[in-house]
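Working notes, structure below.
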Number of protein chains: 2
Amino acid sequence: MPSAADNLFRVLADPTRRAIFERLTREGDQTVHALTERAGVSQPMVSKHLSALKRARLVRNRRKGRETHYHARPEALAPLVDWMRDYGRFWNDRFDRLEDLLKRMDP
Amino acid sequence: MPSAADNLFRVLADPTRRAIFERLTREGDQTVHALTERAGVSQPMVSKHLSALKRARLVRNRRKGRETHYHARPEALAPLVDWMRDYGRFWNDRFDRLEDLLKRMDP
DNA sequence: ACAAACCATAACCGAATGGTTATGAATTTG
DNA sequence: CAAATTCATAACCATTCGGTTATGGTTTGT
């Protein structure tokens with residue numbers, strides 16, 4: 001029973017792949033071509049990384065003619081946020097206070 | 001220039017290794033022997049995983065006679081928390097509201 | 001129609017990585 | 001002292017994984 005966080009940690013572990021996701025998150029929709037220009041790796045490798053991100057639901061694509069546009073789906077990070085809450089709360093007072101506040105204002 | 005989150009993502013990507021960290025976080029101090037009993041892998045492998053966690057500052061150890069006690073250092077997760085804030089805020093209203101509240105009450 | 005652009009897939013390669021067993025060092029215990 | 005316990009390290013193996021080049025399928029442009 002692989003936890004939901006498993007795939008996310010694994011997929012985001014690679015710097016190149018994570019950089020692609022970060023860029024899609026910050027800059028929005030991008031074609032494979034545009035991503036390749038600044039990825040530092042070949043176009044096939046960019047496609048592979050995008051496939052991995054797609055399997056983890058971290059990105060989505062729509063084809064537009066001959067080009068494929070990818071965009072980030074940061075909601076897919078939810079399991080990681082949960083994990084951070086579970087294991088971050090053991091030390092971070094800020095986290096604790098946030099959790100309390102959250103419960104009080106959003107029951 | 002590898003980001004601070006790089007090592008953490010990489011180290012936590014392996015399920016066995018992450019499980020060890022989770023257990024140390026939830027259950028506190030543990031010897032290698034105790035960890036091995038429920039790790040599902042051999043004792044040398046547990047030691048290796050602990051070494052990796054130690055390099056990432058996620059655990060610390062103190063020797064007590066012939067046994068080595070390890071304990072979690074969840075503060076080392078801080079760079080991951082920051083990363084989640086940077087890329088989680090793009091979707092999670094709860095996160096945004098919490099961040100705002102935090103700033104207002106903790107200037 | 002033809003050439004060029006965009007992308008995905010296949011085939012392949014070397015390095016990194018998770019796993020094992022074997023061994024040795026240090027400490028307790030009988 | 002001898003035997004057993006605890007742990008780390010070494011040597012080794014199989015697999016995974018990030019990377020490449022080569023290729024082919026669509027779609028656009030001339």
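By convention in this document, chain letters (A, B, ...) are assigned in the order of the sequence lines, proteins followed by strands, and residues within each chain are numbered from 1. We use all heavy atoms of the structure for the numbers below, so side chains are in, but hydrogens, waters and symmetry mates are not.
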Could you tell me how far apart [X] ([atom1]) and [N] ([atom2]) are, to the nearest whole angstrom?
| X | N | atom1 | atom2 | value |
| --- | --- | --- | --- | --- |
| K48(A) | dC12(C) | NZ | C1' | 10 Å |
| L35(B) | dT6(D) | CG | C1' | 13 Å |
| E37(B) | dC7(D) | CD | P | 10 Å |
| F9(B) | dG18(D) | CZ | P | 15 Å |
| R55(A) | dT16(D) | CZ | P | 13 Å |
| Q43(B) | dG18(C) | CD | P | 17 Å |
| D6(B) | dG18(D) | CG | P | 13 Å |
| I20(A) | dG18(D) | CD1 | P | 11 Å |

Between the side chains of R62(A) and Y70(A), is a donor N or O closer than 3.5 angstrom to an acceptor N or O?
no

Does the side chain of L24(B) come within less than 4.5 Å of D29(B)'s, by heavy atoms?
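Side chain of D29(B) against side chain of L24(B), heavy atoms only: no contact under 4.5 Å found.
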
Minimum heavy-atom separation for [X] and [Y], please, with both atom names.
| X | Y | value |
| --- | --- | --- |
| L50(B) | V59(B) | O-CG2, 3.8 Å |
| T36(A) | S42(A) | CG2-C, 4.1 Å |
| S47(B) | V32(B) | OG-CG1, 4.0 Å |
| A76(A) | A56(A) | CB-O, 4.1 Å |

Go through [options] for me and flag the one nearest to the [X] side chain.
| X | options | value |
| --- | --- | --- |
| D14(A) | dG18(C), dG19(D), dT9(C) | dG19(D) |
| T31(A) | dG18(D), dT9(D), dC7(C) | dC7(C) |
| M45(A) | dG18(D), dG19(C), dA22(D) | dG18(D) |
| T16(A) | dT6(D), dG19(D), dG19(C) | dG19(D) |

Within the structure, does a side-chain N or O atom of [X] lie under 4.0 Å from either OP1 or OP2 of [N]?
| X | N | result |
| --- | --- | --- |
| S42(A) | dA22(D) | no |
| H49(B) | dT17(C) | no |
| S51(A) | dA8(C) | no |

So F21(B) and Y87(A), would you call those rings parallel, tilted or perpendicular, with 30° and 60° as cut-offs?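 Geometry flag for Y87(A) against F21(B): tilted rings.
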
>> Need one value for T36(B): base, sugar-phosphate or nothing, where a base atom within 4.0 Å counts as base even if backbone is also close, heavy atoms only.
In response: nothing

Checklist entry - Does any residue of residues 60-70 of chain A have a heavy atom under 4.0 Å from DNA chain C, and if so, which ones, in number order? => result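 The stretch gives R66(A), E67(A), T68(A), Y70(A) as the residues lying under 4.0 Å from the strand, ordered by number.
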
